[in-house]
Protein chains: 2
Amino acid sequence: MKTAITVAIVEDKEPIRQSLAILVDGAEGFSCQATFETAEAALDYLPTHCVDVVLMDIDLPGMNGIDCVRHLKALCPHMQFMMCTMYDEDETVFDALKAGANSYILKRSPPHKLLEAITELHEGGAPMSSTIARKIASSFYVSPAAPNELDILTTREREILDRLSKGHSHKEVANELFVSPTTVRKHIFNIYQKLQVHSKIEAVNKYLGRK
Amino acid sequence: MKTAITVAIVEDKEPIRQSLAILVDGAEGFSCQATFETAEAALDYLPTHCVDVVLMDIDLPGMNGIDCVRHLKALCPHMQFMMCTMYDEDETVFDALKAGANSYILKRSPPHKLLEAITELHEGGAPMSSTIARKIASSFYVSPAAPNELDILTTREREILDRLSKGHSHKEVANELFVSPTTVRKHIFNIYQKLQVHSKIEAVNKYLGRK
DNA sequence: CCGACAATACCGCATTTGTATGATTTTGAA
DNA sequence: TTCAAAATCATACAAATGCGGTATTGTCGG
């Protein structure tokens, strides 16, 4: 039998904390090592007492769960943090991820889902409740309602601009695209003509839509 | 019984396309409406023939799957796109999300996981393979160890970087700041050292907070 | 079939830029 | 006030870049 996944719980509400602890401890392959009512208590104990996964409520008295994760993640980068909360507001979700949360699960998730998520988290995944995952994925989407100055560029030209924008030199782009450096230079020259610019930075600025 | 989830598949490799179609069509509650070998074929058909979910390979001959999603998502915002591919490289993943992909699954996922994912996607989730999810979640994390790389720059250095970011050359910046071009170059060189970069574009990207 | 255009490639030149070394003056905080 | 950092300037060289011209090939629409 494999070693159980060790878990800590940070949750101020007594009944929820208790039932989470019982759920985790009662399940095969999981072991609840500690529970805390406050962020401060967790910050005090956890840095010196390693666990695999921390279930973190957000709405805590005193320091909130997000700031708690920020501090703990800095001290124990290997520890996995699962936000476990009622809210699914945008700001909260993204703030949590920025702070170092690895997972974000809504409390209304059924118990077996929670255990599944803990396992997935421990195995290197980043389990998210579906509405949360959708929010995150959507945050990357850039509407194609962009200015069409770039439409006059050919596919190849856009490809080259894209690489230039990542800071690659002529030569590097040439190697990446398996063409000669002179070809790349020619393309770049054509791009400058079309965009009416005279340097890489100006071209990249137009390409990325910065003004 | 509920209406089946309608699915389209875009995949150039015959055996994979076939087995995906059979898997989807054979399962209760799913219906494979169409399959395409190329992005172009999908772009031609799908805008006028609604489906719920599109399974999209990335590595296609001609137009790639990401650009295909970009076009289709603009035409059919309600359609859900699941990237279904071998690769889990950073750039590919994020480009796909920017293009409008709602889900990203590695081909090595077991069949039942794929069907689960389609259902979850259709119900408003954003199913991701675990390594992908981790990448995405991590991309938000801002390490407190390096709060802001730009903090180590002096006022003058920031001033110069700001003008560089507008596309000005060394000489232009020198004139604007009433100093000699060599001074500007010295500053720029110092900036490169501090930011650990070797070109204007890379420096500007860091300055403007791109990756 | 033809013409337009994209992509490829080369040559050459002037300028800009990246890197290095060294030095002087200003400024700000200890 | 004293010291360190910041800002200034110079010289030099190699590499990258911007700009001009020319040419071949392939594709696509008319």
Side-chain angles (χ1 to χ4, degrees), chain A residues 148-208, chain B residues 12 37-41 43-44 60-64 67-68 71 147-208 210:
Chain A
N148 13 6
E149 199 175 13
L150 301 175
D151 288 355
I152 55 178
L153 297 181
T154 67
T155 309
R156 198 54 156 177
E157 284 165 349
R158 267 192 290 272
E159 197 172 1
I160 286 174
L161 246 189
D162 189 67
R163 288 164 198 266
L164 283 189
S165 75
K166 296 187 168 69
H168 302 187
S169 70
H170 290 181
K171 203 178 290 180
E172 288 170 332
V173 174
N175 287 333
E176 291 161 18
L177 301 183
F178 307 108
V179 297
S180 100
T182 47
T183 303
V184 173
R185 293 175 68 189
K186 181 62 169 175
H187 280 305
I188 292 174
F189 182 68
N190 291 335
I191 291 169
Y192 289 174
Q193 303 271 294
K194 289 185 182 178
L195 298 186
Q196 287 289 290
V197 298
H198 311 278
S199 73
K200 291 205 284 192
I201 294 227
E202 288 178 285
V204 168
N205 279 345
K206 285 214 175 192
Y207 177 65
L208 298 179
Chain B
D12 59 324
E37 289 184 45
T38 66
E40 289 80 359
L43 266 174
D44 199 48
L60 297 168
M63 180 185 290
N64 68 48
D67 288 330
C68 185
H71 286 105
N148 202 342
E149 254 182 318
L150 302 177
D151 288 352
I152 57 179
L153 297 181
T154 68
T155 310
R156 197 56 155 177
E157 285 165 349
R158 267 193 290 270
E159 197 174 0
I160 287 174
L161 202 38
D162 189 67
R163 288 165 199 266
L164 282 188
S165 76
K166 296 186 167 66
H168 302 186
S169 71
H170 289 182
K171 204 178 288 181
E172 287 170 330
V173 175
N175 288 332
E176 290 160 20
L177 301 183
F178 306 107
V179 296
S180 102
T182 47
T183 302
V184 173
R185 291 174 67 189
K186 179 66 165 176
H187 281 306
I188 292 174
F189 184 67
N190 290 335
I191 291 169
Y192 289 174
Q193 303 275 293
K194 290 185 182 179
L195 297 187
Q196 287 288 289
V197 298
H198 309 278
S199 73
K200 290 206 283 193
I201 295 228
E202 287 177 289
V204 168
N205 279 346
K206 286 214 173 187
Y207 177 63
L208 297 180
R210 265 75 171 186

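All values derive from a computational prediction rather than experimental measurement.
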I need the [atom1]-[atom2] distance between [X] and [N], as an integer number of Å.
X	N	atom1	atom2	answer
B:Asn190	C:dG22	CG	P	16 Å
B:Ile188	D:dC9	CD1	C1'	15 Å
B:Leu177	D:dT8	CG	P	8 Å
B:Tyr192	C:dA20	OH	P	13 Å
B:Glu157	D:dA5	CD	P	13 Å
A:Phe189	D:dT17	CZ	C1'	12 Å
A:Glu202	C:dT17	CD	C1'	16 Å
A:Gln193	C:dA6	CD	C1'	16 Å

Taking all heavy atoms of [X] and all of [Y], pick out the closest pair and write down the distance.
X	Y	value
B:Ser180	B:Ala174	C-CB, 3.9 Å
A:Leu177	A:Arg156	O-NH2, 3.5 Å
B:Thr38	B:Pro61	CG2-CG, 4.5 Å
A:Ile201	B:Ser165	CG2-O, 3.9 Å

So does [X] get a side-chain nitrogen or oxygen closer than 4.0 Å to the phosphate oxygens (OP1/OP2) of [N]?
X	N	value
B:His170	C:dT16	no
A:Thr154	C:dA6	no
B:Lys186	D:dA7	no

So if I take every side-chain heavy atom of [X] and compare against [options], which nucleotide ends up nearest?
X	options	answer
B:Ser169	D:dT8, C:dT17, C:dT19	C:dT17
B:His187	D:dA7, C:dT8, D:dT11	D:dA7
A:Thr155	D:dC19, C:dT19, C:dA7	C:dA7
A:Lys171	C:dA9, D:dA7, D:dA16	D:dA16

*Touch class at under 4.0 angstrom, heavy-atom based, for A:Thr182 against every strand present*: base
*Using a heavy-atom cut-off of under 4.0 Å over every strand shown, decide if A:Ser180 touches base, sugar-phosphate, or nothing.*
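Touches sugar-phosphate only.
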*Looking at B:Asp162 and B:Arg158, does any basic side-chain N land under 4.0 Å from a carboxylate oxygen?*
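The answer is no: the pair does not qualify as a salt bridge.
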